[in-house]
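Worth knowing before you read on, the calculation uses all heavy atoms, side chains too, and leaves out hydrogens, waters and symmetry mates. Keep in mind that what you see is a predicted model, and the values were worked out from it rather than measured.
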Amino acid sequence: MSEKEQVIREKVQHQGIFDFKGFYGFAHDWLKEEKEYGVVEEKYNEKVSGNTRDIKIEWLASKLLIENFNIEIKIKFDIGDLADVEVEVDSERKKMNKGKVEVEIRGTIVKDPDSKWDKSPFSRFMRDTYNKYVIPGRINNVENRIKTDVINLKEELKAFMELSARRS
């Protein structure tokens, strides 16, 4: 069985005016096109109450980095009291959204994703020995890459929200 280890956990929070559709698309495009992750929407739940909505979305972004290692980034969007509003941007009326956004981003390293080393107790022992004594530098490099990708995603999402808020 593959071994998963969480490396980093970050959060982004925003309250106010923003472009939900643009935010959603920006996050997806950043992962898929900028960093070449495969992105799967594992959960989408929307609850409507009057003219506001609460939305919960979960994504799993993953990529095979090098042999025997995968990177997984789990993103949870929690959007509350989302309402449509009209604002004036550059002397034009534009439809935007108002609400609370919280995004949790978790970066995980997956060792032996194909369970090649799980065929026997001896194989598992060899895998653990290999990971601990032969390639700890490689594992450290993969963990640093995960940290960098998660922190960069967090900073890009924060910048997108700040830019949206300033333009409204």
Side-chain angles (χ1 to χ4, degrees), residues 1-66 69-111 113 139-168:
M1 183 164 78
S2 62
E3 180 183 332
K4 292 185 179 188
E5 182 181 324
Q6 183 175 312
V7 177
I8 186 170
R9 180 176 167 247
E10 294 286 332
K11 275 191 176 184
V12 176
Q13 295 179 323
H14 174 80
Q15 185 167 352
I17 295 175
F18 66 101
D19 177 9
F20 173 66
K21 184 177 178 182
F23 178 71
Y24 182 93
F26 175 79
H28 188 272
D29 290 347
W30 190 89
L31 286 163
K32 191 139 181 97
E33 294 170 15
E34 180 91 15
K35 296 296 180 177
E36 299 177 349
Y37 280 90
V39 181
V40 176
E41 188 170 272
E42 294 184 318
K43 179 180 176 183
Y44 183 94
N45 186 2
E46 185 172 342
K47 197 183 322 182
V48 178
S49 176
N51 39 334
T52 63
R53 299 178 286 166
D54 293 334
I55 302 172
K56 294 188 185 311
I57 303 168
E58 292 182 14
W59 288 351
L60 178 64
S62 61
K63 134 165 92 169
L64 177 65
L65 190 56
I66 54 176
F69 296 104
N70 274 5
I71 294 177
E72 289 185 354
I73 298 178
K74 188 127 181 140
I75 303 107
K76 290 184 181 182
F77 298 90
D78 191 358
I79 298 99
D81 300 325
L82 186 68
D84 296 331
V85 294
E86 274 194 23
V87 295
E88 194 167 310
V89 178
D90 300 329
S91 303
E92 290 183 30
R93 303 293 290 165
K94 186 174 180 184
K95 289 186 179 187
M96 301 269 291
N97 305 101
K98 183 178 182 181
K100 296 180 280 188
V101 178
E102 184 175 297
V103 181
E104 181 181 83
I105 308 164
R106 294 179 187 220
T108 303
I109 184 172
V110 182
K111 300 173 188 172
I139 292 171
N140 193 35
N141 288 341
V142 172
E143 289 174 348
N144 287 337
R145 179 134 180 219
I146 293 168
K147 289 175 186 175
T148 300
D149 283 355
V150 168
I151 290 169
N152 286 344
L153 176 59
K154 178 186 96 169
E155 294 302 321
E156 291 287 338
L157 293 176
K158 278 174 48 178
F160 183 92
M161 288 300 209
E162 289 171 8
L163 185 62
S164 291
R166 273 194 230 132
R167 293 196 68 206
S168 59

Interatomic distance, Glu102 atom CD to Lys56 atom NZ [nearest 0.5 angstrom]: 9.0 Å
Ile71 side chain reached by Tyr37 side chain, heavy atoms, under 4.5 Å: yes
Qualifying residues under side-chain hydrogen bond (donor to acceptor under 3.5 Å, both in side chains), relative to Glu46, sequence neighbours excluded: Tyr44, Arg53
Gap separating the NZ atom of Lys76 from the CD atom of Glu104, nearest 0.5 angstrom: 5.5 Å
Under the side-chain hydrogen bond (donor to acceptor under 3.5 Å, both in side chains) test, residues paired with Asp81 that sit two or more places apart: Lys100
Heavy-atom neighbours of Lys74 NZ exceed 12 at 6.0 Å: yes
Euclidean distance, Asn70 CG relative to Thr108 OG1, rounded to 0.5 Å: 11.0 Å
Heavy-atom side-chain contact between Trp30 and Asn152 under 4.5 Å: yes
Parallel, tilted or perpendicular: rings of Tyr24 and Phe77 (30°, 60°): tilted
Point-to-point distance, once rounded to the nearest 0.5 Å, from CD of Gln13 to CG of Leu157: 13.0 Å
Candidate list Arg106, Lys154, Lys147, test salt bridge (charged side-chain N to carboxylate O under 4.0 Å, His left out), partner Glu10, passing option: Lys154
pair Glu5-Glu143: side-chain heavy atoms closer than 4.5 Å: yes
Separation between CD of Glu41 and CD1 of Ile75, rounded to the nearest 0.5 Å: 11.0 Å
Residue pair Phe69 / Ile139, side-chain heavy-atom distance below 4.5 Å: yes
Side-chain touch Val103/Phe23, heavy atoms, less than 4.5 angstrom: yes
Step-by-step side-chain contact (heavy atoms from CB on, under 4.5 Å) determination, Ile105 to Ile73: CA-CA 7 Å; Ile105 308 164; Ile73 298 178; 3.6 Å; yes
Main-chain N/O of Lys35 paired to Lys63 side chain as donor or acceptor, under 3.5 Å: yes
Atom CD of Glu86 with >12 non-hydrogen neighbours under 6.0 angstrom: yes
Distance in Å, Glu72 CD paired with Ile109 CD1, rounded so as to fall on 0.5 Å steps: 11.0 Å
Side chain to side chain, Asn97 and Asp84, heavy atoms closer than 4.5 Å: yes
Side-chain heavy-atom pair Glu58, Leu60 within 4.5 angstrom cut-off: no
